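Down below is the structure, laid out as structure tokens.
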Amino acid sequence: MNWLMKSEPDAFSIDDLKACKKGIEPWDGIRNYQARNFMRDSMSVGDRVFFYHSNCKVPGIVGVMEVASEAYPDPTQFDPKSKYFDESSKPEEPRWLLVDVKYVRHTHRVISLTEIKEHADQLGDFPLIRKGNRLSIMPVTDQQWDYLLGLE
DNA sequence: GCCAACGTTGGC
DNA sequence: GCCAACGTTGGC
């Protein structure tokens, strides 16, 4: 499958990912059940992922990465010093999962949310442009993937 | 910084 | 199980 994953660039940007060792990093901090279930049930190693910058000056797609691991427990949920600490999650029954992601490339330019919205008719149902949607990991159909990359 | 939309929590 | 209160997301 194909995916889109959001990150605030102030916290973790695509440049940060590129700078990681081998361009691979655990995508930690997902605390939303729907997003977690996508990782657990539907993601496979090698799946393509759009890197999306949210909550910033120009929100939009900034690059491509790929899924580099199966889902496994997010260690930050057990770390009291982490802002993602969840005291109600127990190691024998972890509540939150993550996958590793691997940098592939930057897009040639930012494909902004504004621009994506202008193509709503061609994209069909797409969670990113649904009103009020806050999902941080969402599936992207093959058609949507090709169409969005065609804009770059 | 504002605020709409949404998810979660907890009292009842 | 309902729902008000609260916290978070994320565009603007």
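Note: hydrogens, waters and symmetry copies are ignored here, and every other heavy atom, side chains too, is used. What you see is a predicted model; the values in this text were computed from it and never measured.
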Check your understanding: Does A:R36 come within less than 4.0 Å of A:D74, counting only side-chain N to carboxylate O?
Key -> no

Practice item. Before accepting this row, confirm whether a basic side-chain N of the pair A:E25/A:K18 lies closer than 4.0 Å to the acidic partner's carboxylate O. Key: no

Nearest-Å distance, [atom1] ([X]) to [atom2] ([N])?
X      : N      : atom1 : atom2 : result
A:L128 : B:dC6  : CG    : C1'   : 16 Å
A:I116 : C:dG11 : CD1   : P     : 10 Å
A:N55  : B:dA5  : CG    : P     : 17 Å
A:L135 : B:dT8  : CG    : C1'   : 16 Å
A:H53  : C:dC12 : NE2   : C1'   : 19 Å

Check your understanding: Does the pair A:F50 and A:W3 meet the rule for a ring pair (Phe, Tyr, Trp, His ring centres under 6.0 Å), with working shown?
Key -> CA-CA 6 Å; A:F50 282 132; A:W3 304 94; over 10 Å; no

**Study point:** Base C:dT8 to side chain A:R134, donor-acceptor N/O within 3.5 Å cut-off
**Key:** yes

Check your understanding: C:dT9 phosphate, OP1 or OP2: any side-chain N/O from A:K6 under 4.0 angstrom?
Key -> no

Check your understanding: Counting only side-chain N and O atoms of A:K131, is one of them less than 4.0 Å from OP1 or OP2 of B:dA4?
Key -> no

Exercise for review: Return the 5'-most residue of the pair A:R95, A:G132 with respect to DNA chain B, ranking by each residue's nearest nucleotide.
Suggested key: A:G132

Practice item. Look at the side chain of A:L113 and decide which nucleotide, out of C:dG11, B:dC6, C:dG10, has an atom nearest to it. Key: C:dG11

Point to revise | Nearest-neighbour nucleotide for the A:Y33 side chain, C:dG11, B:dA5, B:dT8 considered | key: B:dT8

Check your understanding: Base, sugar-phosphate, or nothing for A:K57, non-hydrogen atoms under 4.0 angstrom?
Key -> nothing

**Study point:** Residue pair A:D47 / A:S42: nearest heavy atoms and the distance that separates them
**Key:** OD2-O, 3.9 Å

